[in-house]
Amino acid sequence: LDQFVFSIITLGGSYPMETISAAMWRLERNRKLVGIIFRPVIDTLLWFDKDHCRVSYENTKLNIYLPPEER
């Protein structure tokens with residue numbers, strides 16, 4: 001659902017399998033205002049999941065969401 005919503009929000013401009021959290025980490029790293037504003041908000045809301053956005057980004061890069069035979 002997260003990936004679908006982000007794809008709709010960006011009109012298909014998101015990367016495959018990229019969650020909102022992963023995108024905010026990537027955008028902040030690329031010094032984009034939306035990432036600079038929203039990445040800390042997401043990490044604060046998910047305070048119990050340390051470095052949530054960074055971990056989401058790294059998992060997306062590794063295709064950890066796909067089964068091993070699809071990576």
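Scope of the values below: all heavy atoms of this structure, side chains included, with no hydrogens, waters or symmetry mates. All residue numbers in this chain count up from 1 along the given sequence.
Contacts of R26 classified as side chain to side chain contact (heavy atoms under 4.5 Å, CB included), with partners at least two apart in sequence or in another chain: Y15, E18, A23, N30, Y57. A search for side chain to side chain contact (heavy atoms under 4.5 Å, CB included) contacts involving L27 returns M24, K32, V34, not counting sequence neighbours. Partners of D49 under the salt bridge (Lys or Arg N to Asp or Glu O under 4.0 Å) rule, at least two apart in sequence or in another chain, do not exist in this structure.
With values rounded to the nearest 0.5 angstrom, L33 atom CG is found 8.5 Å from F38 atom CZ. With values rounded to the nearest 0.5 angstrom, S21 atom OG is found 12.0 Å from D51 atom CG. Rounded to the nearest 0.5 angstrom, I20 CD1 and C53 SG are separated by 10.0 Å. To the nearest 0.5 angstrom, W47 atom CH2 is 14.5 Å from H52 atom NE2.
Taking each heavy atom of I37 and P40 in turn, the nearest pair found is O-CD, 3.5 Å.
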